[in-house]
Every structure is written in structure tokens, then in C-alpha cells.
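Reviewing the structure listed below.
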Amino acid sequence: MKVKFSIIVPVYNVEKYLEKCLDSIINQTFDDYEVILVCDKSNDNSEKIVDNYIKDNKKFKKYYYENTGLAKAKNIGVSKSNGEYIIFLDSDDYIENDFLETLIKKIKGLDDITRIQARVVNESYELIKEYNEKPFTCLNSKEAFEIIKTYHFVENSWLYIYKLSFWKENNFTFLDGYIAEDYGLTPLILSKAKSISSLNYIGYNYVQRPNSLMNESNYDRKLSKFKDMLEQRNRLEKELSNENYDNIMCFLDDSLIYYITTLNKTDFIKLTKVLSENKALNKRNCNIKRNIKLLIIKYSPLLYYLYKKVRNK
């Protein structure tokens with residue numbers, strides 16, 4: 001049965017946060033939606049919690065697959081969706097009660113993508129920071145990305161509402177098995193959109209928890225994440241090779257540069273060479289300040305590394 005919104009929630013080992021997430025959906029003031037719960041085999045009570053919710057609410061649909069990972073779970077969620085629009089909600093986060101009602105009032109029918117804004121909260125759901133970014137209406141992909149790239153969160157799929165028809169027409173898929181699966185796909189999706197709007201509305205609550213991917217402390221996993229990001233960057237460069245998307249490629253390359261500054265000095269210097277070999281340090285039609293930065297990284301990577309460490313203290 002067709003609905004207005006399909007909310008896709010991958011579920012894996014999130015028993016501490018899951019009820020807060022699902023309650024935030026049940027408490028919506030607009031009720032034309034479905035919830036697609038894609039469950040991996042958890043080591044905690046996550047699946048039991050899901051079973052309790054689907055027992056009492058027909059809007060909730062459970063799909064169980066072992067060893068999915070986030071990318072595959074999201075792809076499955078899209079394939080099961082019947083909504084006019086799809087929304088991704090991480091199972092340790094939650095949305096405001098008026099989230100869907102606000103969207104239905106403000107979404108422009110011609111937009112392929114609508115973006116909302118976020119606040120960051122801690123595990124006790126206390127406010128850390130709100131990001132009330134500059135809104136815009138019905139811009140093309142290049143115009144929109146010029147603004148979006150200045151936002152704090154850029155590639156996170158949970159801050160965008162997508163027309164399902166637009167998604168399927170372009171056969172978008174998250175790369176299975178990759179860490180930070182949003183990094184390589186969201187910029188591609190934005191590049192294909194004919195019209196994008198961004199709402200002046202903070203409706204998504206990102207829960208910052210110590211063991212989340214965005215706070216990854218396992219160093220080997222951080223190195224694996226770099227490799228995945230680079231492969232996704234190279235894939236996207238091929239996808240956009242016939243079009244002038246320097247703004248997107250500059251964002252991807254700058255994200256990689258920033259990421260390796262979070263590693264140790266030896267790996268930073270080693271990986272700057274890897275970025276250079278992959279043309280991620282090439283000058284592009286972005287700005288002079290960026291080109292100066294690239295020259296410093298190429299000819300004195302240690303100087304740039306030390307500068308960033310001091311700057312970020």
C-alpha cells in the first residue's frame with residue numbers, strides 16, 4: 001500500500017537506544033508512513049525490542065538478514081519501500097515529534113531531495129550543539145552543493161529526504177561492505193538531482209556515543225575507513241568524469257585530507273603520497289586558498305600536519 005513516507009531503520013546491537021528511536025516515530029503528529037526495520041543478527045535484545053513494536057503497530061515491518069552491514073541494510077530498506085519519499089534513520093538516533101508534519105508542509109513537489117538540519121546530543125539526550133544551517137529553495141545540484149558543502153554535516157544520508165522515484169530512476173546503491181557508506185554515494189545523489197531544497201528546521205537528533213563509527217577509536221579500523229573512502233572517491237570521479245563537478249570532487253578530496261590529519265604523523269606522510277598517486281591532491285577549479293594548501297601538503301606534509309595539530313587543539 002502506498003504511503004507518503006518510508007522510514008528505513010537498520011538495526012544491529014542498539015538495545016540501549018532503540019526504544020527512543022522507535023518511540024520518536026510512533027509519536028509523529030503525521031501518520032501516513034511506514035517503518036522498514038532491517039535487522040541484522042544482534043548480540044543483544046535489539047531484535048526482541050523490534051518484535052514488540054511490530055506486534056503492536058502495523059506500520060512497522062521487519063526484515064531479517066544476517067551479516068548485512070549498514071550499506072546492504074539501507075539498500076534492502078529502499079527495495080522494500082512503498083513511500084513517495086524515503087528517509088534514513090539510524091537506530092541510535094531519533095527525530096522530533098513534528099518531523100513528518102513539518103516535511104509535509106514544507107516539501108516542494110518538484111524537489112528530488114529535501115534536506116533538514118540536525119542537533120547533536122549525548123547519550124543522556126542532553127544538547128551538545130545545534131546546527132541551524134542556511135536554508136535554500138529549489139536550487140540545481142551545483143548551486144545547492146555550493147551551500148551544502150559549508151554545512152557541518154554534508155554526506156550523512158539521514159539528513160536528506162529523497163523522492164523514491166528519483167532514487168530508483170538512477171539506481172542508487174550504497175556500496176556493500178564499505179565503512180562510511182554515505183561518503184561516496186550522497187555526493188553522487190546530489191549531483192544527479194534537478195532540484196534540491198534545504199529547510200530551516202532542526203528535526204534530526206544525532207546521538208553522539210563513544211563506540212559509534214563517527215567516534216571510532218580502533219586505529220586499524222580508521223585505516224580501513226581511509227581505504228574505503230579513497231575507493232569511493234575514485235569511483236565517484238569516474239561517475240562524474242564527463243561533467244564539471246569540481247566542487248564535489250574538492251569536497252571529497254578535502255575530506256580525505258582532513259581525515260588523514262587525525263592519524264599519526266607517519267601514516268599522514270605515507271597517505272599523502274597515496275592521495276597524490278590517486279590525483280586527490282590535484283588542483284581544481286575551487287579557490288586559491290585550497291591550491292596553496294595543496295602545495296604545502298605536497299612539498300612539506302610534515303609542516304601541514306603540525307599546523308593542523310596545533311590548530312585543532
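Worth knowing before you read on, the calculation uses all heavy atoms, side chains too, and leaves out hydrogens, waters and symmetry mates.
The minimum heavy-atom distance linking Ala280 with Arg290 is given by the pair O-NH2, 4.3 Å. When all heavy atoms of Tyr204 and Asp93 are compared, the pair lying nearest together is OH-OD2, 2.8 Å. The nearest pair of heavy atoms linking Leu164 to Ser81 is CD2-O, 3.7 Å. The shortest non-hydrogen separation linking Ile260 to Tyr305 is O-CE1, 4.5 Å. Here the closest non-hydrogen pair linking Val154 and Thr186 is O-CG2, 4.1 Å. Between Leu175 and Glu181, the closest heavy-atom pair is O-CB, 4.5 Å.
Note: the hydrophobic cluster containing Tyr178 does not contain Leu271 (ILVMFWY, side chain heavy atoms under 4.5 Å, direct or indirect links). Val121 and Ile202 are not part of a single hydrophobic cluster, where members link through side-chain heavy atoms under 4.5 Å apart. The hydrophobic clustering, which links ILVMFWY residues whose side-chain heavy atoms are closer than 4.5 Å, places Val274 and Tyr258 apart. Following chains of ILVMFWY side-chain contacts shorter than 4.5 Å, one can reach Val78 starting from Trp158, so the two form part of one hydrophobic cluster.
Taken to the nearest 0.5 Å, the NZ atom of Lys194 stands 14.0 Å off from the SG atom of Cys138. Note that CG of Leu256 is 6.0 Å distant from CG of Leu230, once rounded to the nearest 0.5 Å. Note that CD1 of Ile7 is 10.0 Å distant from CG of Leu37, once rounded to the nearest 0.5 Å. The CG atom of Leu223 sits 11.5 Å away from atom CG of Asp228, with the distance rounded to the nearest 0.5 Å. We find the NZ-CG distance between Lys61 and Asn82 to be 5.0 Å, quoted to the nearest 0.5 Å. Between the CZ atom of Arg235 and the CD atom of Glu231 there is a distance of 11.0 Å, given to the nearest 0.5 Å.
A salt bridge links Glu47 to Lys62: at least one charged side-chain nitrogen sits closer than 4.0 Å to a carboxylate oxygen. With respect to Arg233 and Glu237, a salt bridge is recorded, a charged nitrogen being found less than 4.0 Å from a carboxylate O. A salt bridge is absent between Asp23 and Lys20; no separation between the charged side-chain nitrogens and carboxylate oxygens falls under 4.0 Å. One finds no salt bridge joining Arg115 and Glu133 here, because no Lys/Arg side-chain nitrogen approaches an Asp/Glu carboxylate oxygen to under 4.0 Å.
Residue pairs meeting the ring pair (Phe, Tyr, Trp, His ring centres under 6.0 Å) criterion with at least one partner in residues 92-142, sequence neighbours excluded, are Tyr94-Tyr125, Tyr131-His152, Tyr131-Phe153. Residue pairs satisfying the ring pair (Phe, Tyr, Trp, His ring centres under 6.0 Å) criterion with at least one member in residues 71-90, sequence neighbours excluded, are listed as follows: Phe5-Tyr85, Phe88-Tyr162, Phe88-Trp167, Phe88-Phe174.
For Tyr64, the OH atom is densely surrounded, since the number of other residues' heavy atoms within 6.0 Å is greater than 12.
Checking Thr173 against Asn75 by side-chain atom types alone, no donor-acceptor pair falls below 3.5 Å. Checking Ser195 against Asp111 by side-chain atom types alone, a donor-acceptor pair falls below 3.5 Å. Side-chain contact, Tyr206 with Asn156: no donor N or O sits under 3.5 Å from an acceptor N or O.
Every residue meeting the side chain to side chain contact (heavy atoms under 4.5 Å, CB included) condition with Glu169, not counting sequence neighbours, appears here in chain and number order: Ser165.
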Next item on the list: Please test Asp246 against Arg284 for salt bridge (Lys or Arg N to Asp or Glu O under 4.0 Å), starting from the C-alpha separation and ending with a verdict.
Entry: CA-CA 6 Å; Asp246 274 355; Arg284 295 183 181 274; 3.5 Å; yes
